[in-house]
Colleague: 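Pasting in a structure now, in structure tokens, and then I'll have a few things to ask.
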Amino acid sequence: MDPKFLQPYNPKEAEPSIYTRWEESGYFNPDNLPPLNGAEGQKERTEAFSMVLPPPNVTGILHMGSALMLVIEDILVRHARMQGKRALWIPGTDSAAIATQAKVEGELYKKEKKTRHDLGREELLSRIDTFVKESEKTIVEQMKHVGASLDFSRYAYTMDDRRYHAVMEAFVRMYNAGLIYRGSRIVNWDPKLQTTVSDDEMDYVEESVPFYYFKYGPFVIGTVRPETKFGDKYVVMHPDDARYKEWKHGQTIDLEWINGPITATIIKDDAADMEMGSGVMTITPAHSQVDFEIAKRHNLDIEQVIDDRGILLSIAGELAGQHIKKARPLIIEKLKAKGLIEKIDEKYIHNIATNSRGGGIIEPQIKKQWFVGVNTEFEKNGKKTTLKKMMQEAVESNAVEITPERYEKTYFNWVNNLRDWCISRQIWFGHRIPVWYRNSGQQSVDSEQATPGRIRRDHATETDAEEMCVSIEKPEGEGWEQDPDTLDTWFSSGLWTFSTLGWPDETKDLKTFHPTSILETGYDIIFFWVARMILMSGFLLDEVPFKKVYLHGLVRDGQGRKISKSLGNNIDPLDMAEKYGMDAVRVSLIAGMAPGTDSKISEEKIRGYKNFANKIWNISRFVLENGGGTTTDAPYTETDEALAREADVLAKHVSEHIEKFRIDIAFDLLYHFIWHRFADEILEESKPILKGEDARSKSSRQRLLYYILTLFLKLLHPFMPFVTEEIWTYLPKKETELLLVAPWPEARG
RNA sequence: GCGCGGUUAGCUCAGUUGGUAGAGCAUCUCAUUUACACUGAGAGGGUCGUAGGUUCGAGCCCUACACCGCGCACCA
């Protein structure tokens, strides 16, 4: 007996060398996996199993949430590998364009008091590159620490050359199919980061602000944003509102407003809510989504009031040039002086839209942006369809199955209401849009055909070039300039299942591993990511990106509270692994976690599972000390035959639950069988038999104990890979040198 | 406003076609050089959110309500 085995299990000492042995075997790469040893001799692995790791942001460090994801996926892939499949799990990291640039810019300002404009595009990108490389190293180390059996030879980064190529190709193909267009739309503009933000990337922060009621001619209008009101010259009310039935649509009235007398036009539109305030509102189409739509419906003028940096434009008269924040009280003063304030409600609860990627308060602006048309018809296999329809059909037809099922409803709810997807971002770090413009020098003031009415801007920052060319390479000839914008990070993420496999080249990997078997991810990115992958794969490859989606929840503390800095309840997975071993951390995360529900973790829970790791260590020692593995062909007694079948039944149930994604139940069954059935009962009952005189009973029991030991080591390996692999090295008789590739127990019984 | 979850032991949660309420932790009692104290045996503790309904029988199915959480929309 190895003296190490006589000590309690020491995960800290064992874990690093075990991971090294796995890596050196090369088995994380399915191309290196050994053939299977079956009853009929050696057999090639035919069935493929593939999965991509949802690439963590390069800005991130490992937290319990990412650890949970790694653990669930590692369990699935280890199980598939042991089942004899060609199991592939692809690692990668995501550039997280806005977040990363914001982080680097933040540090730049903190350390050097410089902005990105002081550095210039190239220098900033090189700084980001340095940051990313450093961060990447840490992330990969952490993944290995968790025990993730990822194939690092296929490591992908959203900004590397292969992925760049895929993104460009995708853009050009979609443009040529008429699915990508440029247009002036109202977008969520972040004045702080100077970029567009997608609908899904906004956070709403509740704030108590004054709500102002102004006299607007004969009407009373309400607002929390007086600074937008300068240009308001349309007054909107519901067509059915009896209070205002004497007013006719299109009728004009003269009234006194902020900067003097104006003429306002009455507009009747359903968008006005009769229940709300006075039922009358004025609109600011250039800075509000809803107002913009009303303006479009009635072909109204649209005038910009606030510029990209939050500064009032000339329409504000004497307040022009002021920042909106400073201007607000001044406007109130002016209106007060004119007697136009009806009343002020000081404690109005208002939701302020902010950029969730570390930016500022969103100011809707009209911008020329690139969009993916989700309702644009195109032909696929001789059939007319739209991207939206494709996304609906993929799930409706069960080509993609979502677990837990209730999230299908959430998915449809989102897809059905999907608007065109704005994919351009005004940041420097990202995939630059492959569009080129050439001008003969004449600058035209922006006038947009697609938008009815007149759009007037004081600062024409965008120009319409005479020539435009969409191509990956710079076109021939002089004077071409590339669009300065970059693509939404989810545009490239949408390609992930196949860009990681070599698309657009027709690689062997792509043929073997796509569509991927499972996409496992958090329920919080079902819209951002899951839906967009279905869109991209559907259009570009004419197939689904994955057959199954499995959604997991958030990690919470022992009392079910969210992990937050203010609560100080953050538990660092690596600290915990240092104290209790990674196996204990792994199973703490998945034990008691039903699909789609949140997982609870606490130090006590982790400690409990450390004891479990030690328990199996001791069970193994007991079995080996008592002659386990010496008599594997002794005939079973009747009792032992029954006990062996009982263990087989357990194996069958464990397998079934893993297949159904109930890894929590699978683990629970194992835990109870090993500790309370095998250790507490079977081993205790074995003591007299092993010490007794009956040679037949003894050899039968030795065979049985060894049989159950190897069986549960295999079953437990996906969950607790380190301790099981370590014990495996001490076994005298085994089918494979590494437990990593040992054959999964076949369902019997 | 629309939608989705949840409400079961002190705490955190299981409970798969309806058939006598379960686990872990915590608490209490007992055992004690044992493969393992990182242990074992046992005990206490629940009107399953509320009110109705279906059923021979409901934690589970139906209806309404309450509270908690989440998502989407709105926010003049």
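Just so you know, these numbers come straight off a predicted model, no measurement behind them.
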Colleague: Starting at CG of A:D420, measure out to CZ of A:R185 and round the result to the nearest 0.5 Å.
Modeller: 5.5 Å
Colleague: Could you give the distance from CG (A:D270) to CE (A:M237), rounded to the nearest 0.5 Å?
Modeller: 13.5 Å
Colleague: Distance check, C1' atoms only: B:rA21 and B:rG59, in whole angstrom units.
Modeller: 8 Å
Colleague: Find the distance between CD (A:Q7) and CD (A:E13) and round it off to the nearest 0.5 Å.
Modeller: 9.0 Å
Colleague: Between A:D668 (CG) and B:rC25 (C1'), how many Å, whole number?
Modeller: 14 Å
Colleague: Need one value for A:V623: base, sugar-phosphate or nothing, where a base atom within 4.0 Å counts as base even if backbone is also close, heavy atoms only.
Modeller: nothing
Colleague: Distance check: side-chain N/O of A:K687 vs OP1/OP2 of B:rA35, anything under 4.0 Å?
Modeller: yes
Colleague: What's the separation between atom NZ in A:K229 and atom OH in A:Y216, rounded to the nearest 0.5 Å?
Modeller: 8.5 Å
Colleague: Which value, rounded to the nearest 0.5 Å, describes the distance between A:L418 atom CG and A:F527 atom CZ?
Modeller: 10.5 Å
Colleague: Could you check A:F667, A:Y580, A:F719 and say which one makes a ring-ring contact (aromatic ring centres under 6.0 Å, His included) with A:Y609?
Modeller: A:F667
Colleague: Provide the Watson-Crick or G-U wobble partner of B:rG18, both distances under 3.5 Å; none if there is no partner.
Modeller: none
Colleague: What is the base-pairing partner of B:rU27, counting Watson-Crick and G-U wobble geometry with both distances under 3.5 Å?
Modeller: B:rA43
Colleague: Return the pairing partner of B:rC36 with a 3.5 Å limit on both distances, Watson-Crick or G-U wobble; otherwise return none.
Modeller: none
Colleague: When you compare the side chains of A:E681 and A:H676, does any donor N or O come within less than 3.5 Å of an acceptor on the partner?
Modeller: no
Colleague: Measuring from the side chain of A:R621 (C-beta onward, heavy atoms only), which nucleotide among B:rC36, B:rC75, B:rC38 has the closest atom?
Modeller: B:rC36
Colleague: Tell me if a side-chain donor or acceptor on A:S288 pairs with a main-chain N or O of A:D291 at a distance below 3.5 Å.
Modeller: yes
Colleague: Between P on B:rG6 and OH on A:Y523, what's the gap in Å once rounded to a whole number?
Modeller: 13 Å
Colleague: Expressed in angstrom and rounded to an integer, what is the separation of A:E684 atom CD from B:rA31 atom P?
Modeller: 18 Å
Colleague: Closest to the A:N614 side chain: B:rG15, B:rA23, B:rC38?
Modeller: B:rC38
Colleague: Tell me which residues in residues 602-612 of chain A put a heavy atom below 4.0 Å from RNA chain B, sorted by number, or none.
Modeller: A:K610, A:N611
Colleague: What N/O pairs connect the protein and nucleotides 28-30 of chain B at under 3.5 Å? Give each pair on its own line.
Modeller:
none

Colleague: Among B:rG24, B:rC36, B:rC38, find the nucleotide with the atom closest to the side chain of A:H672.
Modeller: B:rG24
Colleague: What contact category does A:A591 fall into here, base, sugar-phosphate, or nothing, at under 4.0 angstrom with non-hydrogen atoms?
Modeller: nothing
Colleague: Closer to the 5' end of RNA chain B via nearest nucleotide, is it A:K691 or A:H676?
Modeller: A:H676
Colleague: Assess whether one donor atom and one acceptor atom, taken from the side chain of A:K615 and the base of B:rC38, lie less than 3.5 Å apart.
Modeller: no
Colleague: If we only count heavy atoms from C-beta on, is the A:I18 to A:E726 side-chain gap below 4.5 Å?
Modeller: yes
Colleague: For A:D664, which contact category applies under a 4.0 Å heavy-atom criterion: base, sugar-phosphate, or nothing?
Modeller: nothing
Colleague: If pairing requires Watson-Crick or G-U wobble contacts with both distances under 3.5 Å, which nucleotide is the partner of B:rG69?
Modeller: B:rC4
Colleague: Suppose we define a pair by two distances each less than 3.5 Å, Watson-Crick or G-U wobble; what does B:rU50 pair with here?
Modeller: B:rA64
Colleague: Using the closest heavy atom to pick a nucleotide of RNA chain B for each, name whichever of A:N618 or A:E681 lands nearer the 5' end.
Modeller: A:N618
Colleague: For side-chain hydrogen bond (donor to acceptor under 3.5 Å, both in side chains), just list the numbers for A:D269 and A:H238, CA-CA rounded to whole Å, side-chain angles, deciding distance to a tenth of an Å, and then say yes or no.
Modeller: CA-CA 5 Å; A:D269 193 284; A:H238 198 279; over 6 Å; no
Colleague: In terms of ring plane angle, is the pair A:Y671 and A:F612 parallel, tilted or perpendicular, where the classes change at 30° and 60°?
Modeller: tilted
Colleague: Can you tell me which nucleotide in B:rG15, B:rG40, B:rA35 comes closest to the side chain of A:F622?
Modeller: B:rA35
Colleague: For B:rG18 versus B:rA23, give the span between their C1' atoms, rounded off to a whole number of Å.
Modeller: 22 Å
Colleague: Just the atom pairs and distances: protein N or O near nucleotides 1-4 of chain B's N or O, under 3.5 Å.
Modeller:
residue: B:rC4; atom: OP1; partner: A:K409; partner atom: NZ; Å: 2.8

Colleague: Which nucleotide in the list B:rA35, B:rC38, B:rG71 gets nearest to the side chain of A:P8?
Modeller: B:rC38
Colleague: Show, in sequence, the C-alpha distance, side-chain angles and deciding distance for A:T354 and A:D190, and conclude whether the side-chain contact (heavy atoms from CB on, under 4.5 Å) test is met.
Modeller: CA-CA 8 Å; A:T354 63; A:D190 179 350; over 6 Å; no
Colleague: The side chain of A:I619 is closest to which nucleotide in this list: B:rG15, B:rG24, B:rA35?
Modeller: B:rA35
Colleague: Can you measure from CZ (A:R677) to CD (A:E646) and round to the nearest 0.5 angstrom?
Modeller: 4.0 Å
